[in-house]
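Have a look at the structure below, then the notes.
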Amino acid sequence: MSASTRLVAALAAMAMAQGSAWGADDGAELQRLRTQLQELQKDYDARLKALEQRLQRAEAAQAAQAAQAAPSAAPPVAAAAPAPAVAAAATPPPVAAPATAATSAPTAANAFNPALSLILSGGYGSFSQDPQTYHISGFLTGDEIGPGVRGFSLGESELGISASVDPWFSGSMNLSVESDNSVSVEEAYVDTTALPGGLRLRAGRFLSAIGYENSKHAHTWDFVDAPLVYQAFLNGALQQDGVQLSALLPTDRFIELGAGLGAGGPYPSSGDNRSKPGTATLFAHTGGDVGLDSSWRAGASLLWASADGRESDAYDAGGTATATQFSGTSRTVIVDGIWKWAPNGNPQRTNFKLQGEYFWRNETGALTYDPAAAAVTDRYRAVQGGWYGQAVYQFMPAWRLGARYDRLNIGNVDAGANDANLFLPGYSPSRATVMLDWSPSEFSRWRLQYANDRARYGLTDNQWLVQYQVSLGSHGAHDF
Amino acid sequence: MNMKRTLFGFVTALLLCNAPAAHAALKVMACEPEWGALVQELAGDKAQVYVATSGLQDPHHIQARPSLVAAARNTELLVCTGAELEIGWLPVLIRQSGNNAIQSGKPGYFEAAAYVHKLEVPERLDRADGDVHAAGNPHIQTDPRNITLVAQALTQRLAELDPANAAAYKARGDDFLQRWQAAIVRWQQQAAPLRGTTIVLQHKAFPYLQQWLGLVEVAVLEPKPGVEPTSSHLSEVLAGLKTKPAKLIVRAAYNDGRGSDWLAERTKLPVVVLPFTVGGDEQAKDLFSLFDDTIARLLKAIVP
């Protein structure tokens, strides 16, 4: 621009000079001026060419820089060396490119792989009574109860896979690999993420949200084994194949209400060939904070289950098992509560947890005793209950001490003609447990547990357990 | 039969309870106090701010408490640090809230760390290295120049979510940035004597502050990020300080003081407890006083 302006100015000056030269009228002078003009033109041509070349080079360099900078655009301000630049601070630094631009690595085929987590666990058990004949006197339970096996054992290895499906759903699966090489699908569900009004719908197989501990995976338990009420009334935990709808109310206090429907099969229901659901749940949870240090959650749940030939073993006073089949309706009420304390709400150094649940169950229907031989069938009405309370104290970083007490109430059982067959002592099965665990990081935990187990009438089982649990891969955040 | 009717009534009641509540101010939930303070500066009474954590809590380790889930349920904008700082609790809040507006990727989900250049991005990701963050060190709020970058982006986000008040956010944002730039100039002048000061850190919580003020890190009390100081590691640090001396021991208000006190007793070095965020101590009441107090505490410690 300035070069061309100067050229025009030079030509104008030249013309003026020429004009005055005409007056002087001299051919030699004219020739001299022409030569000068030609030289000037050559000079400016060369300069223009040089300028053009510089411009092209600069443009090319800029393009190359932009191409390089795209994958890792480093905003100049934060990256710059901390100069004592008063002037630099006075001018607002430019906004950095958002993270999407700043970290966009080339997309690989595995970029959308779901999050994977793996829990490995195992341990050692020593029991003064035979764990293979473990039962809870007076209760017709499922078959997944008891403290485990003697000696070294591999616990369940849990493989979790989860990811967003699309803007409307997310999916998750939990596979449990048992030490006997069997694989079971613990959970496999789809969650909605875009329903309005705080609503969430879950479909698939899932651990029901009833109670407090029901939906917790084994690796988040504070003790090696589940509370006795969970073992006696839910065969460990209620797993539903179906749907669960929950809603978080738009209140300042946390209030969650929900309901679930599931196929018949999981204890206390039993498998049948009907399209009617075998289990239905209703649950309500609420909770809040008390000051900075404490927080709590409380809940109440209802479980309705339909049993059609549900199989359980009935144990006599000597511990001999006889098969039974129950058909009828089972209703369970659960009341749960947990209170957590941590100084300033900062649980890293010390924290304390108090947790308890109460179960009450009413079963009505018919019971067949020893279906393969005697096959005595008569009415069965049982109103039974139980509770546990536990406290866990982290007294220094990584170290926790816990105590738990379980108690069941055999309650009122009216089995008609089977009253004589069922062994229903005036006895309350109970268990007292203490544990000490050490977690050098969030990803590993070592635990020693002792339990004085009196679930079996007249027998005391001293149970010693050592357990390790480690977590590999992307480990999701835990619920309250 | 009876069960079915109960269930139906229950679900109907649920749906009725969920009529959207009318609101005046934009409901904002800030994961950390510094972002709560920033929203307050940028939005004033146009926003109703809920701060999820306090200055005395470790933002890595927060429990997904029912109160936080309820707050996330009702919020329209979530302002968090990101860079995996809240990975142990925020995903639970977002999932349990059932609030579509704050799901990751929505305009109602704002990650401050996305707008600044992060330091200490690990070369390799292995849990054997402790609690490392793949995206880099997330404690970005200790450099006020990062606050500038976040404030600019957050002003835009507020205007996007609440277009009716866009002009107000723009005006407040401009005003804040002007005051903030002036404050940065002042802080840099005040902090000039701190340049080159050697420090021992409890947790790698201040790389951005160190870079800004030119503090030189000599040792870290945590053997690995997020692992509590062990006695053997503390002894190593003590031995190392004989060859590479330091002038100060620095920790954040939320850190446990035992490790740094142990070292201070043996080295006679002053321990500087920095507020780390708004509310970390009594003086750090807002973003301005946070840096006033941070620099004042450091200066006080190096003046003999």
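Order of the sequence lines fixes the chain letters, A, B, ..., with proteins taken first and strands second; residue numbering starts at 1 for each chain. Quantities reported herein were computed from a predicted structural model and do not represent experimental measurements.
The shortest non-hydrogen separation linking A/Thr251 to B/Ala70 is O-CB, 4.1 Å. Nearest heavy atom pair, residue A/Ser471 against residue B/Arg127, reads O-NH1, 4.4 Å. Considering every non-hydrogen atom in both A/Pro250 and B/Asn74, the closest pair reads CA-OD1, 3.2 Å. Shown here for A/Phe254 and B/Pro66, the closest heavy-atom pair between the two residues is CB-O, 3.3 Å. Here the closest heavy-atom approach between residue A/Asn344 and residue B/Ser54 is recorded as O-OG, 4.5 Å.
Formation of a donor-acceptor pair under 3.5 Å by the B/Arg73 side chain with backbone atoms of A/Leu248 is found in this model.
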task = Report the C-alpha separation of B/Gln63 and A/His478 in whole Å, then their side-chain angles, then the decisive distance to 0.1 Å, and conclude whether the side chain to side chain contact (heavy atoms under 4.5 Å, CB included) test is met.
result = CA-CA 8 Å; B/Gln63 289 176 325; A/His478 285 160; over 6 Å; no
key: Stepwise side chain to side chain contact (heavy atoms under 4.5 Å, CB included) check, A/Gln348 with B/Asp256   = CA-CA 9 Å; A/Gln348 266 309 84; B/Asp256 179 66; over 6 Å; no
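Interface check for chain B: of the options A/Ala398, A/Gly473, A/Ala342, A/Pro440, the most heavy-atom pairs under 4.5 Å are formed by A/Gly473. Contact count against chain A (heavy-atom pairs under 4.5 Å) is highest for B/Ser97 among B/Ser97, B/Pro91, B/Ser104.
Rounded to the nearest 0.5 angstrom, B/Gln96 CD and A/Asp479 CG are separated by 4.5 Å. Annotation: the span from B/Asn99 atom CG to A/Leu199 atom CG amounts to 12.0 Å, rounded to 0.5 Å. To the nearest 0.5 Å, atoms OG (A/Ser295) and CG (B/Leu68) are separated by 8.5 Å. Separation of atoms OG (B/Ser67) and CZ (A/Arg297) is listed at 13.0 Å; rounding is to 0.5 Å. To the nearest 0.5 angstrom, A/Trp168 atom CH2 is 10.0 Å from B/Asn100 atom CG.
Heavy-atom distances place both the backbone and the side chain of B/Arg95 under 4.5 Å from chain A. Looking at A/Arg253, the atoms closer than 4.5 Å to chain B (heavy atoms on both sides) all sit in the backbone: N, CA, C or O. Looking at A/His285, there are no atoms closer than 4.5 Å to chain B (heavy atoms on both sides), in backbone or side chain. Of the two parts of A/Ser444, neither the backbone nor the side chain holds a non-hydrogen atom closer than 4.5 Å to a non-hydrogen atom of chain B. Using a 4.5 Å cut-off between heavy atoms, A/Thr193 touches chain B through backbone and side chain atoms alike. Using a 4.5 Å cut-off between heavy atoms, A/Trp296 contacts chain B through its backbone alone, with no side-chain atom that close. Looking at B/Arg186, neither its backbone nor its side chain comes within 4.5 Å of chain A, counting heavy atoms on both sides. Both the backbone and the side chain of B/Leu56 come within less than 4.5 Å of a heavy atom in chain A.
By the 4.5 Å heavy-atom criterion applied to side chains, A/Lys340 and B/Arg65 are not counted as neighbours.
Under a cut-off of 6.0 angstrom, the local environment of CG in B/Asp175 is crowded, with over 12 non-hydrogen atoms contributed by other residues, nucleotides or ligands. Crowding of B/Glu160 atom CD: a count of heavy atoms from other residues, nucleotides or ligands under 6.0 Å exceeding 12.
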